[in-house]
Amino acid sequence: MHSITEALLNRSSEPRLKAPAPPQDVLDLALACAARAPDHALLRPWRYLVIEGEGLERLGELFEASAPAGASDAQRQKLRKAPLRAPMVLVAIASPVSHPKVPEYEQEYACAASAAYLVLALQAEGYGAMWRSGEVSDNDQVCKGLGLGDRESIVGFIYVGTVDSEKPPVPRPEISEFTSRWPQ
Ligand SMILES: Cc1cc2nc3c(=O)[nH]c(=O)nc-3n(C[C@H](O)[C@H](O)[C@H](O)COP(=O)(O)O)c2cc1C
């Protein structure tokens, strides 16, 4: 089996993460892999924010500020603490441009493919990663606070670090459950 297919079969998102975060050379390698995603017309319709340390506290404040008016103290605190679940958060941002042949949704797909490559590369290099979204990823205040432009959107918050403890294995579906031949 090729090392890539083996890494794909064995990868697992890990929610329980601790320091250290990947060093710069591993992060650069993973981001270089992310930039190899399939990409119609080579528009590179993605960008990433790297958030660590004090930045995670600031992200928590942004999350908290996005709480709906009636949110309880416990809900606010949960939002504020959310980014502290890992020593590093990478924000995958779809950054589409106008193109005669490539609609915005295709550019968002490309960004999602890029984020998946990023997660896989980090896991292949021995780090844990977990792609998260939630209401915060679609919140105007959060998007503005992170400096997103009008056409940009958050595709995911990728929590990254060293695996503290592995989660139980995720059941994998049978190939036949999601595949058929056409025409039959
Ligand atoms: C776009 C996207 C958003 C996600 N958002 C969340 C999330 O907010 N919370 C969560 O627990 N899992 C989220 N997940 C799923 C996890 O990243 C992970 O894939 C899932 O727990 C299955 O684990 P596995 O990747 O090991 O199979 C998201 C996945 C994707 C692709």
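When a ligand or atom number is given, it counts from 1 through the structure's own listing order. Just so it is clear, the structure is predicted and the values come from calculations on it, not from any experiment.
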*May I ask you to decide if Ile175's main-chain N or O and Thr179's side chain share a donor-acceptor pair within less than 3.5 Å?*
yes
*Shortest non-hydrogen contact between Ser98 and Arg151, atoms and distance*: OG-NH1, 3.0 Å
*Provide, to 0.1 Å, the distance between atom 5 (N) of ligand 1 and the closest protein heavy atom, together with that atom's residue and name.*
Ser133 OG, 2.9 Å
*Roughly how far, to the nearest 0.5 Å, is the CH2 atom of Trp46 from the CG atom of Leu31?*
11.5 Å
*Hey, does Glu14 sit under 4.0 Å from ligand 1 if you only count heavy atoms?*
no
*Closer than 4.0 angstrom: is that true for some heavy atom of Arg172 and an atom of ligand 1?*
yes
*So, does Ser66 use its side chain to make a donor-acceptor pair with the main chain of Gln141 at under 3.5 Å?*
no
*asked:* Counting non-hydrogen protein atoms only, what is the nearest one to atom 23 (O) of ligand 1? Give residue, atom name and distance.
replied: Lys167 NZ, 2.8 Å
*Number the atoms of ligand 1 from 1 as they appear, then name those within less than 4.0 Å of a heavy atom of Met130, with their elements.*
10 (C), 11 (O), 12 (N), 16 (C), 21 (O)
*Got a salt bridge between Asp164 and Arg16, using NZ or NE/NH1/NH2 to carboxylate O under 4.0 Å?*
no
*Matching residue for His40 among Gln107, Lys101, Glu106 - test: side-chain hydrogen bond (donor to acceptor under 3.5 Å, both in side chains)*: Glu106
*At what distance is the nearest protein heavy atom to atom 18 (C) of ligand 1, and which residue and atom is it?*
Ser13 OG, 3.4 Å
*For atom 28 (C) of ligand 1, what's the nearest protein heavy atom and its distance?*
Trp131 O, 3.3 Å
_Yes or no: does Gly156 have any heavy atom under 4.0 Å from an atom of ligand 1?_
no
*Mind checking the CG-CG spacing from Leu17 to Leu84? Nearest 0.5 Å is all I need.*
12.5 Å
*If you have a sec, work out which protein heavy atom is nearest atom 9 (N) of ligand 1 and how many Å separate them, to one decimal?*
Arg132 NH1, 4.0 Å
_Gly134 neighbourhood, listing ligand 1 atoms whose heavy-atom distance to it stays under 4.0 Å_ = 8 (O)
